[in-house]
Amino acid sequence: MTQEQICMAITIVAYLLIVLGIGVWFARKNNTVDDFYLGGRKLGPFVTAMSAEASDMSSWLLMGLPGVAYLTGLADAVWTAIGLAIGTYINWLVVAKRLRNYSVKTNSITIPEFFSNRFREDKKILMALAALIIIIFFVPYTASGFAACGKLFGTIFGVEYHVAMVVSAVIIVGYTCVGGFLAASTTDLIQSIIMTIALFIVFGFGIANAGGFDAVIKNAQSLPGYFSLTETYNAETNTSSPYGFITIISTLAWGLGYFGMPHILLRFMAIEDSKKLKMSRRVATIWVVISLAVGVLIGVIGLGMVSANALEPLSDPETVIMQIANLLGQNGVLAALIAGLILAGILASTMSTSDSQMLAASSGVSENIIGGLFGIKTSQKTSMLIARITLLVIAAVAVIIAWDKDSSVFMIVSFAWAGFGATFGPVVLASLFWKRVNKWGALAGMISGGVMVFVWKYLIRPLGDVWNIYELLPAFIVACIAIVVVSLLTKAPSKEIVDEFEAVKKMN
């Protein structure tokens, strides 16, 4: 390893030791399963906001989004970012407070448990189905995070992929398994700060090496369709193609996914005081808008650096931030340490999502299937042990899935996002805002949304033209229709359920 690589490695190792230390510190605070999975509902407004957004964005913010902008121009990246920004704000504005109050009222610490308790479902079918959906979509999602870490260390330091991937997985599992939700949320706060610092350092250094902001904009404007929101750029042919209205609506539909993301919804449930969610909403929205904007611009800046011969053309556009960090690290010890901080930011963005996903999947098995569906009663100590063992098993399966170093890290992300958005999103909204919805409507919405994601993705979308719509949008609509129709055709909820709904409504 070169001196610069050693300096970068020192920064990353220091970061990893910090997050492990946080896990050990919060281990003392986990006395119950409620503490482990929901932090005892003790999160402050700032930690709630930043941990929710850090666990949401993942390495997609530092790798995927800049890569899309670098390769195809503004249209796809900007419309996706707009959809996500709008979805973030509406989710905090509409869902957060009511879900927090409703989950307290129903004594629920997980999303599947909330569904069952909300509808007084004795057989726990809703709970088990929701837990199964979480496992189906989160285990491979977690695997993609492990793979991203492996590829990061392999690309920068030449470490063998499997060694790097397993070590990264052990670190993530370590602080999550020991510290639980509080550790994950606190490290997410730190990770969001590191991600922000990384974005702005790359932004400034990139502009300086591309010849200034004017040069970056001039280069982007010189490429056909690159600087347009209604056209997309094709680098292979140096031509543009239309980015039509249907495609724009389809891309904006990414925002619908927020209503069904378990690891984000759990943050709403965990805040210490629902009145503080207003501050959380403002912090989260501002951070998301700024971060997404900078992420898109970094892709444009990266291409400007290539045009200025400051950077070699990228075979993989998603490594643009890594390559800029490498370039920065060649300017002495201090620059190398700063470059290490940027790489730690990429690692942080992956870890902040993986820890939340493992907690959600673990709770699905230990709390909602073992304890809920099968009704196995255990002591608090045994429940904690089951929770940690479940998390370890899930992580082991994720490592196996990620073992192929040629596997795509991000291919499954959009599909998993659609899956959660369509299966949980409509049910969450109906549960919170429509008192006539019943358990049969919720079950129909969950099943129809999940099935339509697969049907649209693999049978309808390949037809192209007007059918080339992101599967989340049609699946979300189908699930909403199913909830309304089935609820109206079946028995209305009991007076007890309706009274509870009205009581929560008054709390908001």
Test Tyr470 against Thr251 for side chain to side chain donor-acceptor pair (under 3.5 Å), laying out the working first.
CA-CA 7 Å; Tyr470 182 33; Thr251 307; over 6 Å; no
[X] and [Y]: which non-hydrogen atoms are nearest, and at how many Å?
X	Y	answer
Leu71	Pro317	CD1-CG, 4.0 Å
Ala198	Ile342	CB-CA, 3.8 Å
Cys7	Ala336	CB-CB, 3.6 Å
Ala339	Ala325	CB-O, 3.2 Å
Ala475	Ala422	CB-CB, 3.5 Å
Ser228	Leu74	O-CB, 4.0 Å

Are [X] and [Y] packed together at the side-chain level, in the sense that at least one heavy-atom pair is separated by less than 4.5 angstrom?
X	Y	result
Tyr258	Trp417	yes
Val453	Leu472	no
Asn331	Phe205	yes
Leu429	Phe476	yes
Ser250	Asn468	no
Phe424	Ile134	yes
Thr80	Val68	no
Phe268	Asn91	yes

Does atom CD of Gln221 have more than 12 heavy-atom neighbours from other groups under 6.0 Å away?
yes
Once rounded to the nearest 0.5 Å, what's the spacing between atom [atom1] of [X] and atom [atom2] of [Y]?
X	Y	atom1	atom2	result
Tyr233	Leu303	OH	CG	7.0 Å
Ile264	Met269	CD1	CE	14.0 Å
Leu223	Thr72	CG	OG1	11.5 Å
Trp92	Thr285	CH2	OG1	8.5 Å
Thr11	Ile6	OG1	CD1	12.0 Å
Arg267	Arg100	CZ	CZ	15.5 Å

Verdict with supporting geometry, Leu328 and Ile201, side chain to side chain contact (heavy atoms under 4.5 Å, CB included):
CA-CA 10 Å; Leu328 172 62; Ile201 291 175; 3.9 Å; yes
Verify, without hydrogens or angle tests, whether Asn234 (side chain) and Glu236 (backbone) share a donor-acceptor contact under 3.5 angstrom.
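Yes.
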Could you give me the CA-CA distance, side-chain angles and deciding distance for Leu199 and Ile298, then say whether side chain to side chain contact (heavy atoms under 4.5 Å, CB included) is met?
CA-CA 8 Å; Leu199 281 170; Ile298 285 174; 3.6 Å; yes
With a 6.0 Å cut-off on the ring centroids, do Trp403 and Tyr161 count as close?
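Ring centres of Tyr161 and Trp403 not closer than 6.0 Å.
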Using 30° and 60° as the class limits, which term best fits the ring planes of Phe203 and Phe200: parallel, tilted or perpendicular?
perpendicular
Do Thr196 and Trp287 pair up side chain to side chain, a donor and an acceptor below 3.5 Å, judged on atom types alone?
yes
How would you list, by chain and number, every residue that makes a ring-ring contact (aromatic ring centres under 6.0 Å, His included) with Tyr458, sequence neighbours excluded?
Phe415
Are Tyr243 and Leu229 close enough, and set up right, to give a side chain to side chain contact (heavy atoms under 4.5 Å, CB included), and what steps lead you there?
CA-CA 7 Å; Tyr243 199 87; Leu229 294 182; over 6 Å; no
